[in-house]
Amino acid sequence: MAKNGSAPLALNEDRFFSSDPAVRRVARDLYAETKALPLVCPHGHVDPRILAEDSQFPEPASLLITPDHYIFRMLYSNGVPLEALGIGSRDKSGPSPELDPRKVWQVFGDNYHLFRGTPTGVWLDYELHELFGVRVKLNGTTAARVYDEISERLRSPEFRPRALFERFRIEVLATTDRATDPLEHHQAIRNSTWRGRVVPTFRPDAAFRIAAPEWRAELAALESIDGSSIRNLSEFLRALERRRAYFRSLGATATDHAVVEAYTERLADEEADRLFQIAREGEATAGDQRRFESHMLMEMARMSCEDGLVMQLHAGAFRDHNDLIARRFGPDMGADIPVPAEFTRNMRALLNAYGNDRRFSIILFTLDESTYARELAPLAGHYPAVKLGPPWWFNDSIEGMIRFRETTSETAGIYNTAGFNDDTRAFCSIPARHDLSRRIDANWLAGLVARHVIDVADAREMARALAYDLARQSYRFESVVEVRKP
């Protein structure tokens with residue numbers, strides 16, 4: 001390290017590959033064939049506004065720190081107040097948020113060592129080195145210098161959102177949008193002369209959580225955007241069908257559903273409507289919501305058979321576990337914690353009803369790794385409709401990706417998985433996440449070659465499938481013809 005506290009930032013070309021020369025040699029070759037493939041981003045949370053407006057990113061802190069809960073949850077866990085990261089509380093009960101982005105960045109630099117050995121650290125080093133050309137390690141001493149280097153680059157046209165979209169070689173990017181979202185930014189993108197493919201994803205979770213205090217406001221929002229009066233469950237279902245059709249008209253190929261447990265149950269029409277009416281009166285309980293959500297998952301599967309939207313189900317996350325943070329700062333602030341998940345019994349009603357229907361496709365995600373070999377791989381290895389989503393959140397790490405391949409592939413194979421998705425709000429981290437996945441998969445396949453489980457020709461086809469083909473096929477991007485205004 002130099003006297004000024006700086007050390008060079010360098011990325012080894014063999015990073016994440018095996019130390020075994022026989023495996024590493026094959027891994028290098030496989031990665032070389034996939035590294036330049038286009039990026040298919042079928043599930044994520046990038047704000048479509050940034051691509052609709054294509055405005056210059058303001059500065060490094062709001063670009064790299066504020067959107068990424070991986071970053072601020074780690075900093076918060078080590079005693080850094082969220083206000084110090086420029087995040088203001090909703091109730092104004094705490095200190096004022098830091099308004100100087102340089103000071104926010106300095107806090108980040110002072111604590112950058114916390115990310116050593118984590119996937120976040122891997123992604124950030126890639127972004128700094130490959131995207132912004134930074135050649136010194138970020139720390140408290142170099143923070144101001146790195147901030148200035150990134151700021152200078154952000155002022156150039158090459159770092160506008162659409163230019164980066166093209167530089168990243170993104171073929172398609174799917175956002176995640178509430179059922180009541182007007183999708184004006186998606187419409188603006190389609191009406192523009194830019195040819196980037198950005199599509200919405202239908203996420204109706206808020207409309208199904210009938211015990212939540214905000215549910216009646218969400219119902220009113222659905223009535224407003226649909227232009228209808230929703231007085232019973234039948235009218236509710238028809239409104240959702242119309243919203244799905246509107247999403248499809250803007251390129252959507254999938255829905256997304258987040259639940260604590262993957263419980264499904266077909267209720268009698270009268271019982272489902274009774275729960276809906278209780279909710280309209282503001283009297284639904286947590287137990288009512290559990291049953292209503294289970295019924296609505298069945299309805300979503302039915303609708304997917306009819307309109308072709310791929311169904312995604314994310315199970316096993318206890319949302320907003322930290323009451324203090326949720327109350328003061330709102331949802332999705334890094335306090336979502338994994339819980340045990342069960343699929344075999346909970347999904348039986350839905351899979352018996354629709355799992356054998358060739359029109360239907362459902363992609364299952366979980367944070368509970370114990371279910372991979374015991375439940376998810378056997379389900380995907382049997383039902384034609386089931387595919388497995390890649391490791392997600394706490395598991396989208398080097399070791400998590402390896403465990404996923406090792407525990408699911410013998411039973412489900414790779415062709416019953418949905419490839420890779422980056423699942424991020426942090427736009428600039430997208431290529432870093434794909435690069436890590438492609439390296440890990442290349443190394444895993446190289447190990448199979450070294451042990452003579454598969455040959456090199458098979459490995460090459462499998463590497464391409466994992467990096468590119470499976471995501472396109474699983475999310476039905478291949479069969480959708482984009483209709484764009486000239």
Side-chain angles (χ1 to χ4, degrees), residues 9-42 117-127 129-131 168-171 369 372-373 376-377 380-381 387-392 395-423 429-474:
L9 174 62
L11 301 182
N12 191 292
E13 285 301 313
D14 287 333
R15 60 191 182 278
F16 319 127
F17 295 159
S18 173
S19 59
D20 182 330
V23 175
R24 186 169 63 243
R25 183 172 58 253
V26 178
R28 285 173 182 163
D29 292 342
L30 295 175
Y31 170 70
E33 293 188 12
T34 60
K35 65 179 294 186
L37 290 171
L39 306 188
V40 178
C41 309
T118 70
T120 307
V122 168
W123 301 328
L124 287 167
D125 282 348
Y126 182 101
E127 291 174 64
H129 189 278
E130 296 295 297
L131 179 56
F168 295 163
R169 305 183 312 280
I170 296 176
E171 183 174 288
E369 291 188 59
Y372 285 164
L376 291 178
K387 286 184 168 54
L388 303 185
W392 161 58
N395 303 333
D396 57 359
S397 62
I398 297 165
E399 301 303 326
M401 292 175 181
I402 294 170
R403 290 191 295 269
F404 178 74
R405 294 284 172 232
E406 291 178 342
T407 55
T408 64
S409 296
E410 285 190 324
T411 303
I414 70 163
Y415 297 98
N416 282 316
T417 67
F420 179 71
N421 67 58
D422 43 78
D423 190 17
S429 75
I430 288 175
R433 295 169 189 246
H434 284 261
D435 184 75
L436 175 61
S437 174
R438 291 174 182 189
R439 286 177 177 275
I440 295 303
D441 283 336
N443 193 70
W444 174 70
L445 291 168
L448 298 182
V449 172
R451 299 197 304 275
H452 306 291
V453 178
I454 58 175
D455 61 25
V456 172
D458 288 340
R460 292 174 65 184
E461 291 186 10
M462 294 169 74
R464 177 187 169 93
L466 291 169
Y468 179 67
D469 294 333
L470 290 176
R472 293 183 79 233
Q473 295 162 5
S474 298

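Not measured: the values here are computed from a predicted model.
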Q | Spatial distance of atom CD (E406) from atom CD (E399) [nearest 0.5 Å] | A | 9.0 Å
**Q.** Heavy-atom closest pair, residues P38 and R438
**A.** O-NH2, 2.9 Å
Q) Taking it one step at a time, do L376 and T408 satisfy side-chain contact (heavy atoms from CB on, under 4.5 Å)? A) CA-CA 8 Å; L376 291 178; T408 64; 5.8 Å; no
**Q.** L470 side, atom CG; R472 side, atom CZ - distance, nearest 0.5 Å
**A.** 11.5 Å
**Q.** Sequence neighbours excluded - ring pair (Phe, Tyr, Trp, His ring centres under 6.0 Å) pairs with any residue from residues 398-421
**A.** Y372-F404, F420-H434
(Q) Within the 4.5 Å heavy-atom criterion, are M462 and L30 side-chain neighbours or not? (A) no
**Q.** Side chain to side chain, M401 and P390, heavy atoms closer than 4.5 Å
**A.** no
Q.
Applying ring pair (Phe, Tyr, Trp, His ring centres under 6.0 Å), can you list everything that pairs with F16, at least two apart in sequence or on another chain?
A. none
Q. Out of curiosity, D469 CG to L37 CG, how far, rounded to the nearest 0.5 Å?
A. 8.0 Å
**Q.** Contacts of type salt bridge (charged side-chain N to carboxylate O under 4.0 Å, His left out), residue D422, not counting sequence neighbours
**A.** none
Q. Between CG of L436 and CG of D441, what distance do you get to the nearest 0.5 Å?
A. 9.5 Å
**Q.** Sub-4.5 Å side-chain heavy-atom contact between L39 and R433
**A.** no
Q: Might you point out which heavy atoms bring A465 and I414 nearest each other, and give the distance in Å?
A: CB-CD1, 4.4 Å
Q: Any pair with a residue in residues 443-452 that passes side chain to side chain donor-acceptor pair (under 3.5 Å), sequence neighbours left out, goes on the list, sorted by first then second residue, please.
A: none
Q | Under the side chain to side chain contact (heavy atoms under 4.5 Å, CB included) test, residues paired with E461 that sit two or more places apart | A | none
Q. Who passes salt bridge (charged side-chain N to carboxylate O under 4.0 Å, His left out) against R439, sequence neighbours left out?
A. D435
Q. Would you say the side-chain atoms of R169 pair up with the backbone N or O of A36, donor to acceptor, closer than 3.5 Å?
A. yes
Q) Does V449 have any side chain to side chain contact (heavy atoms under 4.5 Å, CB included) partners at least two apart in sequence or in another chain, and if so, which? A) V26, I454, V456, A459
Q: Would you mind reporting whether W392 and N421 have side-chain heavy atoms less than 4.5 Å apart?
A: no
Q: Apply ring pair (Phe, Tyr, Trp, His ring centres under 6.0 Å) to W123 and list each qualifying residue two or more places apart in sequence or on a separate chain.
A: Y70
Q. By salt bridge (charged side-chain N to carboxylate O under 4.0 Å, His left out), which residues pair with E33, not counting sequence neighbours?
A. R460
**Q.** Residues which pass salt bridge (charged side-chain N to carboxylate O under 4.0 Å, His left out) with E369, listed by chain and number, not counting sequence neighbours
**A.** R403
Q) At their closest point, which heavy atom of E127 faces which heavy atom of A432, and how far apart are they? A) CG-CB, 4.5 Å
Q. Partners of D29 by side chain to side chain contact (heavy atoms under 4.5 Å, CB included), sequence neighbours excluded?
A. none
Q | Residues in side chain to side chain contact (heavy atoms under 4.5 Å, CB included) contact with E410, at least two apart in sequence or another chain | A | none
Q: Mark yes or no for whether S397, through its side chain, and G400, through its backbone, hold a donor-acceptor pair below 3.5 Å.
A: yes
Q. How about T34 and Y468: do any of their side-chain heavy atoms sit closer than 4.5 Å?
A. no
Q: Check whether any side-chain heavy atom of N416 lies under 4.5 Å from a side-chain heavy atom of L388, and answer yes or no.
A: no
Q) About how many Å separate CG of L445 and CG of L466, when rounded to the nearest 0.5 Å? A) 6.0 Å
Q: Could you pull out the closest heavy-atom pair between R24 and S19, with the gap in Å?
A: NH1-O, 3.0 Å
Q.
So which atom in A27 and which in A446 form the shortest heavy-atom distance, rounded to 0.1 Å?
A. N-CB, 3.5 Å
Q) Once you round to the nearest 0.5 Å, how far does CZ of F17 lie from CZ of R25? A) 13.5 Å
Q) Which heavy atom in A471 sits nearest to a heavy atom in P42, and how many Å separate them? A) CB-CG, 4.3 Å
Q. Are I430 and C41 close enough that some pair of their side-chain heavy atoms sits under 4.5 Å apart?
A. yes
